[in-house]
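I have placed the structure first, in the form of structure tokens, so that the comments after it can refer back to it.
Start at 1 and go down the list; that is how both ligands and their atoms are numbered. The figures that follow rest on heavy atoms only: side chains count, while hydrogens, waters and symmetry mates do not.
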Amino acid sequence: MRILGINALYHDPAAALLVDGRISAAAEEERFSRRKHGKRPVPFAAWELPELAAAWCLDSAGLRPEDLDAITYSFDPSLHLAPAELGVFDPWDELRHRYAVTAPDFLATALPGLDPSKVRFVPHHVAHAASAGLAAPFGGDCAVLVLDGRGEQHSHLAGVYSGGNLQTLYSQQLPHSLGLLYEDGTQHLGFLRSSDEYKVMALASYGKPRHLDYLRQHVHATGDGGFRTVGVEWDVLTKKREPAQPWGPEHADLAASLQAVLEEVLHDLATWLYEQSGSRNLALAGGVALNCVANTKLWRDSPFEQVWVQPAAGDAGTALGGALSAAQDLGDPMAPFTGADLGRGWSDDEIEQVLRTARLPFDRPADIAQDVATALADDSIVAWVQGRSEYGPRALGHRSLMAHPGREANLQRLNDVKGREQFRPVAPMVLASRASELFSGGPMPSPYMLFVHDVAPEWQQRIPAVVHVDGTARIQTVDPADEPLVARMLQSFEQQTGLPVVVNTSLNTAGRPMVDSPMDALECFGSTPVDLLAIGPFAVRRPALGSGR
Ligand SMILES: [Fe+2]
């Protein structure tokens, strides 16, 4: 079966292609359109389809739209309820509903040849659940917990996968929503809602949860699998921060309080699900599952033995989840999820052609991994563009910006390159074989940067650039079997410095999507003080441009 999954309605439009149960391709529209998140998550943008990502998914597999057996759309308009019935204020919601109903015809227009009668609507939270539960590497049944802003009527699904079939145990109906609550807090703290929630998570480490008692009055689990989130008056706690205003302790305290109450409710929901599901393994999905601090608390404190998060846990992942759900329904065998490198890639010849067209001086070292390790040891900043790009918001060694972790100033240096706030941490990639020596308190391996770990005290001074203010780091463990090139670079860096760790952050600048194509890489390299661009087997060096370092 050839199944194309589409996510379009709310956040992060994306497409994914399954061929006979195997993930052939998955990519977010933002990497093609070069607009962060693809679009703003507002009703009048709901019609916008991931047409570039979808066309590429098909093209990469040599398929035409008429070759598809099914197309999934991760929202079911037949489950739609009017905002007044849900208790939410959303005066333009009818637009969303109308666009969803007409999505099959829109898709047939965007992808000529596609048969609109083959479009299946998959309930939003079922698509999220499948994106984790059917992709998880547990090798069997698992519990699944979905938490996001909203779907058709709900913001949550607690269920269990058994033999590939989902049994829903509870779904919390709107207006209660942990995702919308966190978005409200994000907006009150002067950040962009539905986009900057991870900034609130980072800011929380600087504060004390002194508003926790107040928040608990309005935000709590109800003991039956659901929860309440309504009634928080943010102004009572802290005056709204304007975006240009510097943040202070009161903002950090509010962020810490919001983070703490989220973690408490998640713990209660997970405990309930553990008892109801009878499973020892938990798969997480939904935008809330991108909160790596909360994920770690769940892994550490909940009764579940294993916790797994699919790297595209936000709405982009429902493109894959919808397709997986349809594949299960249609009886396709399901291949396990083996890595996030599901986006576009280029051959060496194609990359060389782009470099020649740009008339850039470049060279082809004997081993680009060794060359990069030497540059990093020399305290260069390296843009690393290798293989297929990542599905999901994290750079995992395919579109990465790298630096020496032993130089504390590199945190500020990288945040300056990226135009980011200085309270934002950067993360370490570490050889999987060495990870337990440096990091603890989170699951191992941790290949997708979805958990935080405590940095061993004796290592904190050795890798200061990647240690957050609370002594943690959001690690990516690198296994040579999965990522041979990155592992070789890390091994070479360790031989030169004694450190099995390199700083890894996403290759983009403020407000822009991650670099995807060689052209994107050159634009980023040309506009930032990056010393070395390692693209495929080629090296483009800053001094060669005449500017020096
Ligand atoms: Fe969602």
Side-chain angles (χ1 to χ4, degrees), residues 5-16 26 28-30 37-43 45-46 48-50 72-77 79-81 83 86 88 90 93 96-97 99-100 103 121-135 144-159 166 168 170-184 186 193-198 226-227 229 262 266 269 283-291 294-295 309-325 391-393 450:
I6 296 288
N7 171 61
L9 200 67
Y10 290 113
H11 310 259
D12 300 304
E28 295 176 56
E29 184 73 359
E30 65 161 26
H37 298 298
K39 62 179 182 179
R40 287 297 297 143
V42 291
E48 292 185 34
L49 296 168
T72 61
Y73 185 84
S74 54
F75 184 93
D76 184 350
L79 302 175
H80 176 260
L81 269 189
L86 292 169
V88 295
D90 201 345
D93 188 65
R96 275 204 191 91
H97 180 233
Y99 289 146
F121 293 115
V122 180
H124 187 72
H125 292 100
V126 171
H128 268 308
S131 80
L134 291 178
V144 62
L145 184 60
V146 176
L147 286 155
D148 66 356
R150 65 164 296 178
E152 296 86 352
Q153 299 179 20
H154 301 95
S155 69
H156 154 262
L157 183 153
L166 173 66
T168 299
Y170 198 95
S171 276
Q172 177 58 55
Q173 195 167 49
L174 295 167
H176 304 287
S177 166
L178 288 166
L180 292 180
L181 175 84
Y182 214 91
E183 287 185 13
D184 289 345
T186 300
R193 70 179 298 146
S194 299
S195 175
D196 291 350
E197 282 67 28
Y198 53 94
F227 52 86
T229 62
L262 172 74
L266 283 181
L269 296 179
L284 288 174
V288 176
L290 291 172
N291 191 310
N295 293 347
V309 190
Q310 194 260 111
D315 271 6
T318 66
L320 175 62
L324 287 170
S325 177
Y391 181 46
L450 286 161

Examine the side chains of Asp148 and His11 and answer whether a donor and an acceptor come within less than 3.5 Å of each other. no

Under 2.8 Å from the Fe ion (ligand 1), is there an N/O/S atom belonging to His11? no

What N/O/S atom of Asp148 is the closest to the Fe ion (ligand 1)? OD2

Only one of Leu174, Leu145, Val288 passes side chain to side chain contact (heavy atoms under 4.5 Å, CB included) with His156, and that residue is Leu145

Report the C-alpha distance between Ser171 and His125 in whole Å, list the side-chain angles of each, state the deciding distance to 0.1 Å, and finish with yes or no for side-chain hydrogen bond (donor to acceptor under 3.5 Å, both in side chains). CA-CA 9 Å; Ser171 276; His125 292 100; over 6 Å; no

Checking side-chain polar atoms at under 3.5 Å, does Asn7 have a donor or acceptor matched by the opposite partner on Ser74? yes

Quick one: angle Asp315 OD1 - the Fe ion (ligand 1) - His128 NE2, to the nearest 10°? 80°

